[in-house]
Amino acid sequence: MGTVDTLMMNVIFYAGNCFEKQNLVAPAANFMLKSGTRKKNAYEINDFFEYYGAYLNRSASHETAELTLHCMKKNFADLLPVVSELIADSVFPEDELEIYKKNMQQRLQVNLRKNDFIAGRLIDTYLFGADHPYGRFSSMEDYTALNIPVVKDFYNQYYLHGRCVIFIAGPLPADIQKLVETYFGSLPLSGSARPGGIAAPILPVKEKKYRVTNDPDSVQGAIRIARNFPNRHHPDFQKMQVLNNIFGGFFGSRLMANIREDKGYTYGIHSYLTNLIQESTFMISTEAGKDVTEATIAEVYKEMKLLCEEPVDEEELKTTKNFMIGTLLGDLDGPFQVAGRWKSLILNDLTEDYFYNGIETIKTIQPKTLQELANKYLQADDYYELAVF
């Protein structure tokens with residue numbers, strides 16, 4: 001697909017923080033894949049990709065970690081062996097790890113002053129427990145404790161001998177399979193580890209309402225209202241996406257109309273379902289002035305109650321359906337977007353039927369079903385409530 005000769009390749013490993021035995025090892029190993037091999041140091045690696053006008057990013061999440069390459073089609077064959085080299089021959093220099101640790105500690109120090117950052121960390125801990133991979137967060141001490149042996153051990157197990165899934169999108173070269181087989185087929189990628197096999201117990205905290213002081217001089221409070229929710233395999237997940245859009249999923253939602261447009265409490269408020277493999281969450285997120293934080297929270301519960309008590313009218317439902325179908329079409333506009341959709345399906349152990357069932361759900365769902373969902377999932381007592389000032 002595509003009319004521009006640009007390719008994207010995602011090399012995805014089951015190497016997220018679900019697999020680490022020491023906190024922060026997974027993101028450190030992922031980041032340091034560009035820090036040096038036996039043939040090239042970090043500067044030479046970055047210079048190489050810049051020479052070809054290519055961009056190689058890396059990222060780590062709860063379950064997976066990846067390398068993402070964007071490049072011109074004509075340069076793909078020249079870049080592929082170096083991507084393979086980073087995976088097969090990384091050496092993790094001590095000085096590069098020290099630079100990484102100092103940079104991340106400085107970034108953390110800055111972020112810890114932000115109420116929104118603190119709220120994001122704490123709400124996950126409340127929902128999953130401090131020992132669950134979804135609920136753990138970084139500390140200065142965790143970065144200090146990182147060392148080369150533990151990072152190399154993680155790399156050897158989950159990259160060099162790990163499980164890898166590769167997505168390539170764009171106007172593909174005629175010899176694409178041969179190229180990938182040449183540079184990745186010989187790697188010792190033999191792992192079978194998957195997040196489902198190491199599911200940790202989810203232990204939400206008992207207390208559900210929190211007010212946390214972080215920055216006495218701030219003028220806004222960061223608000224999170226959330227509950228645990230089943231993953232994408234649950235029959236209610238796609239139906240809930242429709243209800244979510246009505247509630248707080250787009251600019252024309254009820255939360256935006258009430259709390260932003262009518263009350264003027266915030267610049268923006270959103271609700272969303274997170275995409276996690278073991279279990280997801282349903283989250284309402286915003287920032288509001290300190291003097292209206294409690295009023296904002298009260299209005300969120302008011303909108304929940306209205307959806308429970310009154311059916312959505314046909315015109316509002318039609319608008320939501322049109323928005324969701326239009327967004328879906330936009331999300332499939334180009335090869336990279338289509339690859340992203342396949343990536344989501346495959347990593348969540350879903351088939352293409354899930355995609356088409358989702359479209360059918362949007363088209364056919366009725367107000368009665370949405371009201372039943374609201375009464376099931378929008379009960380105020382089920383929600384964790386956090387405001388950070």
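This one's a predicted model, so the numbers in the text were calculated from it and none came from an experiment.
- Between the side chain of Asn75 and the main chain of Asp78, no donor-acceptor pair closer than 3.5 Å is present.
- Using a 4.5 Å heavy-atom threshold, the side chains of Phe19 and Val25 count as separate.
- Counting heavy atoms of neighbouring residues, nucleotides and ligands inside a 6.0 Å radius, atom CG of Asp262 exceeds 12 of them.
- Side chain of Glu20 to main chain of Leu24: a donor-acceptor pair is present (N/O by atom type, distance under 3.5 Å, no hydrogens or angles).
- Note: Leu127 CG to Thr281 OG1 = 6.0 Å, rounded to the nearest 0.5 Å.
- Distance check, rounded to the nearest 0.5 Å: NZ of Lys34 to CG of Leu86 gives 8.0 Å.
- Using modelled atom types and a 3.5 Å distance limit, the side chains of Asn357 and Gln238 yield no donor-acceptor pair.
- Formation of a donor-acceptor pair under 3.5 Å by the Thr125 side chain with backbone atoms of Gly135 is found in this model.
- Of the possible polar contacts, none joining the His132 side chain to the Asp124 backbone as a donor-acceptor pair under 3.5 Å is found.
- Inspection of the His62 and Gln278 side chains reveals no N or O donor paired with an N or O acceptor under 3.5 Å.
- Ion pair Glu372/Lys239 not flagged as a salt bridge, since none of the NZ, NE, NH1 or NH2 atoms sits closer than 4.0 Å to an Asp/Glu carboxylate oxygen.
- Rounded to the nearest 0.5 Å, atoms CD1 (Ile277) and SG (Cys18) are 8.0 Å apart.
- Side-chain atoms of Phe117 and Leu108, non-hydrogen and from C-beta on, do get closer than 4.5 Å to each other.
- Note that CG of Leu307 and CD of Glu309 are 10.0 Å apart. Values are rounded to the nearest 0.5 Å.
- Gln379 CD: more than 12 foreign heavy atoms inside a 6.0 Å radius.
- For Lys290, the NZ atom sits in a packed shell: over 12 heavy atoms of surrounding residues, nucleotides or ligands are nearer than 6.0 Å.
- Hydrophobic clustering (side-chain heavy atoms under 4.5 Å, transitive across Ile, Leu, Val, Met, Phe, Trp, Tyr) keeps Tyr51 apart from Tyr55.
- In this structure, Ser59 and Glu66 have side chains that are in contact, with non-hydrogen atoms separated by less than 4.5 Å.
- Between Phe76 and Leu172 there is no side-chain heavy-atom pair separated by less than 4.5 Å.
- With hydrophobic clusters built from ILVMFWY side chains whose heavy atoms lie under 4.5 angstrom apart, Leu179 shares a cluster with Phe48.
- For Cys71 against Ala54, the heavy-atom pair with the smallest separation is CB-CB, 3.9 Å.
- Asp382 places no side-chain N or O within 3.5 Å of a backbone atom of Leu378 that could act as its donor or acceptor partner.
- Remark: the Thr68 side chain and the Asn10 side chain contain an N/O donor-acceptor pair separated by less than 3.5 Å.
- A single hydrophobic cluster is not seen to contain both Phe389 and Leu112; linkage of ILVMFWY side chains at heavy-atom distances under 4.5 Å, directly or through other members, places them apart.
- Distance alone, capped at 3.5 Å, is enough to place a donor-acceptor pair between the Gln22 side chain and the Ala145 backbone.
- Pro171 is not listed as a side-chain neighbour of Thr6, based on a closest heavy-atom distance of 4.5 Å or more.
- Using a 4.0 Å cut-off between charged nitrogen and carboxylate oxygen, Asp5 and Lys74 do not count as a salt-bridge pair.
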**OP:** For Met240 and Leu243, run side chain to side chain contact (heavy atoms under 4.5 Å, CB included): C-alpha distance rounded to whole Å, both residues' side-chain angles, the deciding distance at 0.1 Å, then the answer.
**Re:** CA-CA 5 Å; Met240 190 64 181; Leu243 180 63; 3.7 Å; yes
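- In this structure a side-chain-to-backbone donor-acceptor pair under 3.5 Å is present from Arg58 to Phe31.
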**OP:** Would you check, one step at a time, whether the test side chain to side chain contact (heavy atoms under 4.5 Å, CB included) holds for Val11 with Ile87?
**Re:** CA-CA 10 Å; Val11 187; Ile87 295 165; 3.8 Å; yes
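- By the criterion of side-chain heavy atoms lying less than 4.5 angstrom apart, applied directly or through intervening Ile, Leu, Val, Met, Phe, Trp or Tyr residues, Tyr183 is grouped together with Val165 in one hydrophobic cluster.
- Remark: Phe154 engages Tyr158 in a ring pair (Phe, Tyr, Trp, His ring centres under 6.0 Å) (not counting sequence neighbours).
- Within the model, atoms OH of Tyr14 and SG of Cys164 stand 10.0 Å from one another, a figure rounded to the nearest 0.5 Å.
- Aromatic ring pairs are classed by plane angle as parallel below 30°, tilted from 30° to 60° and perpendicular above 60°; the pair Phe13 and Tyr159 is tilted.
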**OP:** Decide side chain to side chain contact (heavy atoms under 4.5 Å, CB included) for Tyr383 and Ile284; before the verdict, give the C-alpha distance in whole Å, the side-chain angles of both, and the deciding distance to 0.1 Å.
**Re:** CA-CA 10 Å; Tyr383 282 78; Ile284 299 102; 4.1 Å; yes
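- There is no side-chain donor-acceptor pair under 3.5 Å between Arg260 and Thr266.
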**OP:** Output, in order, the C-alpha distance, side-chain angles, deciding distance and verdict of salt bridge (charged side-chain N to carboxylate O under 4.0 Å, His left out) for Asp116 and Arg224.
**Re:** CA-CA 9 Å; Asp116 193 58; Arg224 296 291 186 278; 2.7 Å; yes
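- A donor-acceptor pair is defined here as one N or O able to donate and one able to accept, closer than 3.5 Å; no such pair exists between the side chain of Asn156 and the backbone of His161.
- For Arg107, the CZ atom counts as loosely surrounded, since its 6.0 Å shell holds 12 or fewer non-hydrogen atoms of other residues, nucleotides or ligands.
- Within the 4.5 Å cutoff, the side chain of Pro335 has no heavy atoms near those of the Val338 side chain.
- Checked by atom type and distance alone, the side chain of Arg121 pairs as donor or acceptor with a backbone atom of Ser138 at under 3.5 Å.
- Side chains of Asn258 and Tyr265 form no contact here, defined as non-hydrogen atoms less than 4.5 Å apart.
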Subject >> Residues Lys39, Glu44; criterion salt bridge (charged side-chain N to carboxylate O under 4.0 Å, His left out); working and verdict >> reply: CA-CA 9 Å; Lys39 296 179 181 178; Glu44 290 168 333; over 6 Å; no
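- Contact of the Arg254 side chain with the Val312 side chain is registered, since non-hydrogen atoms from C-beta on lie closer than 4.5 Å.
- Put simply, the side chain of Lys321 gets close to the backbone of Ile365: a donor and an acceptor are under 3.5 Å apart.
- No side-chain donor-acceptor contact under 3.5 Å links Thr296 and Thr293.
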**OP:** Report the C-alpha separation of Lys101 and Leu97 in whole Å, then their side-chain angles, then the decisive distance to 0.1 Å, and conclude whether the side chain to side chain contact (heavy atoms under 4.5 Å, CB included) test is met.
**Re:** CA-CA 6 Å; Lys101 288 161 63 172; Leu97 178 60; 3.8 Å; yes
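- Interatomic distance, CD of Glu98 versus OH of Tyr143, reported as 14.0 Å (0.5 Å rounding).
- Applying the side-chain hydrogen bond (donor to acceptor under 3.5 Å, both in side chains) test to every pair with at least one member in residues 199-219, sequence neighbours left out, gives these pairs: Asn115-Asn214, Asn115-Ser218, Lys209-Glu385, Arg211-Glu294, Arg211-Glu385.
- In the hydrophobic clustering, Phe336 connects to Met8, either directly or through intervening members, whenever side-chain heavy atoms lie under 4.5 Å apart.
- Counting heavy atoms of neighbouring residues, nucleotides and ligands inside a 6.0 Å radius, atom CG of Asp331 exceeds 12 of them.
- Using cut-offs of 30° and 60° for the angle between ring planes, the Phe282 and Phe229 rings count as tilted.
- Under the 4.0 Å criterion applied to side-chain N and carboxylate O atoms, Glu299 and Lys263 are assigned as salt-bridge partners.
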